[in-house]
**Q** 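My structure is below; once you've seen it, I'll send some questions.
Just so we're clear, the structure is a prediction, and the values are computed from it rather than from any experiment. In what follows, chains are A, B, ... by sequence order, proteins preceding strands, each numbered from 1. Atom set for the values below is all heavy atoms of this structure, side chains included, hydrogens, waters and symmetry mates excluded.
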2 protein chains.
Amino acid sequence: MSGQRRHTPTIHDVARHAGVSSMTASRVVNDYPHVSAQVRERVNAAIQTLGYRPNALARATRTGIAQIGLLYSNPNSSNLSNFLMGAFKEASASGSQLLIEPTPAHPTPLAAVRKLVEAGVRAIVLPPPLCDDPEVFAYLESEGVPSVSFATAAPRPDKASVFVDDYEGARMMTRHLIDLGHVDIAFIRGDARHSTARRREDGFRATMAEADLKVPDAFVAEGDFTYRSGLDAARQLLGAGKRPTAIFAANDDMAAAVSAVAHGLGLDVPSELSIGGFDDTPVASTVWPELTTIRQPIADMAATAVSMAANLARHDGDDETSRHVNAELTLVPRASTAAPKA
Amino acid sequence: MSGQRRHTPTIHDVARHAGVSSMTASRVVNDYPHVSAQVRERVNAAIQTLGYRPNALARATRTGIAQIGLLYSNPNSSNLSNFLMGAFKEASASGSQLLIEPTPAHPTPLAAVRKLVEAGVRAIVLPPPLCDDPEVFAYLESEGVPSVSFATAAPRPDKASVFVDDYEGARMMTRHLIDLGHVDIAFIRGDARHSTARRREDGFRATMAEADLKVPDAFVAEGDFTYRSGLDAARQLLGAGKRPTAIFAANDDMAAAVSAVAHGLGLDVPSELSIGGFDDTPVASTVWPELTTIRQPIADMAATAVSMAANLARHDGDDETSRHVNAELTLVPRASTAAPKA
DNA sequence: CTGTTAGCGCGTTCAT
DNA sequence: ATGAACGCGCTAACAG
């Protein structure tokens with residue numbers, strides 16, 4: 001604020017430029033009704049040419065700061081810092097305040113949501129599995145608090161959401177493994193309560209089927225997205241019977257666990273076992289060898305979600321603000337996958 | 001701001017209560033000169049009784065928002081989210097804006113600092129190893145940007161800092177292991193460029209010596225705080241020769257790696273090998289069995305650091321604001337340590 | 001539909 | 001050493 005040009009245009013500049021009062025300009029900026037189309041047009045033009053950006057600080061002195069609730073379900077997820085980073089960055093840009101709440105700290109997910117609402121948040125960001133919970137939506141509806149579903153695989157048409165195509169992501173990884181020459185590919189499921197877990201499994205199975213590859217039941221292990229569950233799953237998959245030459249885990253934490261078990265068994269990764277993850281969280285590049293995975297732009301997605309929530313918090317979802325943003329997934333090939341040993 | 005009581009006292013209330021003008025009250029609040037001791041006293045009393053808290057928003061409209069630089073060195077550290085959480089929480093409370101920058105994204109640490117300074121930050125928080133780098137301090141000095149050293153084991157008397165007693169923490173863990181009955185205890189070092197790594201090793205050695213326990217060279221392995229280095233260290237320690245019955249790793253990430261290697265070797269934790277970590281990051285309760293570790297209140301420490309930086313950013317360190325905050329460490333006993341098998 | 005008035009809670013003049 | 005007046009950028013209220 002100090003070193004900047006004195007020339008950040010204010011709403012008065014816009015008003016003068018458009019030949020209206022600052023109040024009218026303000027109305028246009030905030031999408032208020034009772035402004036003729038003509039004037040609105042003129043003001044918008046002025047905003048364009050001047051490059052006007054509302055000053056969130058000044059605004060907050062009058063309207064109060066918009067509180068936005070942000071839940072997170074897995075405190076141990078190595079993805080949390082990216083999520084927070086993106087969210088906070090956008091919050092400070094949009095001048096809103098984040099109230100962060102760990103879902104597991106409450107007896108039920110609904111209790112966590114209720115706490116936030118009672119604390120006065122005017123919009124809320126719902127990560128899985130909350131964004132798939134009808135009870136939560138019913139409560140929010142009754143309280144009139146708008147929401148943004150984050151990373152759900154089953155976005156509701158009437159609710160804002162930002163998500164990725166988990167199905168397609170799983171296809172990319174599976175195809176990568178198949179292209180490498182793998183045939184015996186095992187899969188570790190995520191928490192079945194998350195819609196994303198189901199979509200990832202579907203994508204895996206569909207791609208295998210397309211390639212005429214069988215997926216025996218013994219090659220699909222339960223998991224719940226935690227490292228711990230990955231340990232169990234890996235032991236089961238690698239322990240007895242015919243071994244797969246590749247394991248695709250539904251997220252990086254479980255893939256990291258597979259890596260640990262493989263090392264324990266003296267299996268070389270990737271020559272004796274290829275491992276694929278999903279998310280590209282920091283652990284993916286922490287474990288050795290680094291994990292081939294599907295990158296999910298969590299920070300950007302979080303920023304988008306907060307931005308949408310901030311909008312909803314202002315004009316309580318009057319227009320069709322319930323947008324749906326589909327973020328892009330990319331395959332990140334690293335050292336944990338290779339062609340199977342002949 | 002909306003749902004709150006209308007009764008958050010303003011500086012005017014304080015002024016009225018003290019029988020002075022709001023201007024004088026403002027001067028007192030901001031530690032400005034030219035106020036008689038008497039008046040200052042009265043105003044401070046009013047602040048106390050009314051429970052006045054300056055409104056960061058309103059203040060920012062006049063002074064601009066204070067930008068505070070926040071470096072972090074290890075993007076993969078599972079501690080990052082706690083660090084961010086504490087930092088952002090305090091930032092929004094104190095009405096300052098955080099500019100986050102990953103040190104490794106730059107060719108040299110100094111370059112990272114320079115970028116932040118050039119972006120206009122008015123104070124900066126320095127985690128290890130930056131807070132032990134004379135070059136960085138020299139540059140900051142020349143630019144007149146105050147700093148807060150974060151988690152250094154060698155705080156400079158003339159610079160603000162928030163830290164823990166790493167030496168004492170290492171003693172706690174070592175004593176815990178000794179009390180359990182362990183005699184052959186190995187240690188994995190942290191990155192020697194971090195002052196904390198050295199202090200932790202010192203604490204370990206001192207406690208061993210006090211208990212008349214030997215620490216053969218073969219029982220001290222190199223590490224650099226990363227999971228990867230922990231893997232190598234653990235393999236070396238557990239691979240050949242006489243095995244220790246307990247390993248104390250200088251941080252949780254490396255302890256987690258020890259756990260992975262132990263599993264690989266078919267060693268039961270804790271009955272055949274006890275593992276101690278340091279930091280109590282999320283991984284500590286992610287791996288199985290959960291790690292006994294030394295908890296460092298990272299979120300609180302980060303909040304404190306940001307708060308101190310915000311103060312420094314206001315009145316550029318005129319008085320002796322270079323405080324030193326010593327945060328408390330606690331031993332968290334979990335499932336990875338037990339008495340050695342007879 | 002549009003404009004005027006009146007601040008939000010502070011801190012910066014510049015007087016006194 | 002202290003205070004009056006003004007304005008930061010924006011928006012509720014209430015006019016018209």
**Q** Okay, side chain of B:N44, backbone of B:E41: is any donor-acceptor separation there less than 3.5 Å?
**A** no

**Q** Where the side chain of B:V20 is concerned, which of D:dG3, D:dA1, D:dG9 is the nearest nucleotide?
**A** D:dG3

**Q** Let's see if you can work this out: which of C:dT2, D:dA1, C:dT12 has an atom nearest to the side-chain heavy atoms of A:T24?
**A** C:dT2

**Q** Between C:dC10, C:dG3, D:dG3, which nucleotide has the shortest distance from any of its atoms to the side chain of B:R27?
**A** D:dG3

**Q** Please give, in whole Å, the distance from C:dT12 P to B:I11 CD1?
**A** 11 Å

**Q** Applying side chain to side chain donor-acceptor pair (under 3.5 Å), run through B:N30 and B:R59 and close with a yes or a no.
**A** CA-CA 11 Å; B:N30 295 348; B:R59 166 143 64 198; 3.2 Å; yes

**Q** Counting side-chain heavy atoms from C-beta on, which of C:dC1, D:dC10, C:dG9 comes nearest to B:N55?
**A** C:dG9

**Q** Give the rounded distance in Å between these two atoms: CD1 of B:I65 and P of D:dG9.
**A** 14 Å

**Q** Quickly work out the A:L57 CG to D:dG7 C1' distance and round it to whole Å.
**A** 15 Å

**Q** Kindly point out which of D:dT11, C:dC10, C:dT2 is positioned nearest to the side chain of B:Y52?
**A** C:dC10

**Q** Which of these nucleotides, C:dG11, D:dT11, C:dT2, is closest to any side-chain atom of B:S26?
**A** C:dG11

**Q** When rounded to the nearest 0.5 angstrom, what is the spacing between CG in B:L140 and CD1 in B:I124?
**A** 5.5 Å

**Q** So what does A:P33 hit on the nucleic acid, given a heavy-atom distance under 4.0 Å: a base, only sugar-phosphate, or nothing?
**A** nothing

**Q** Estimate the overall bend of the helix from C:dC1-D:dG16 to C:dT16-D:dA1 from the end axes over five pairs each, rounded to 10 degrees.
**A** 40°

**Q** Starting at CG of B:L70, measure out to CZ of B:F88 and round the result to the nearest 0.5 Å.
**A** 7.5 Å

**Q** Expressed as a whole number of angstroms, how long is the span from A:H12:NE2 to C:dT4:P?
**A** 11 Å

**Q** For the pair made of CZ in B:R59 and C1' in C:dC10, what is the distance, rounded to whole Å?
**A** 9 Å

**Q** What's the closest nucleotide to the side chain of B:M23 if the choices are D:dT11, C:dC10, C:dT12?
**A** C:dT12

**Q** Contact class for A:V29 (heavy atom, under 4.0 Å): base, sugar-phosphate, or nothing?
**A** nothing

**Q** Take the protein atom CG of B:D31 and the nucleotide atom P of C:dG11, then report the distance between them rounded to whole Å.
**A** 12 Å

**Q** Please work out which residues in residues 35-44 of chain B have a non-hydrogen atom less than 4.0 Å from an atom of DNA chain D and list them by number.
**A** B:V35, B:S36, B:V39

**Q** Under 3.5 Å, is there an N or O donor on one side and an acceptor on the other linking the side chain of B:S22 and the base of D:dG3?
**A** no

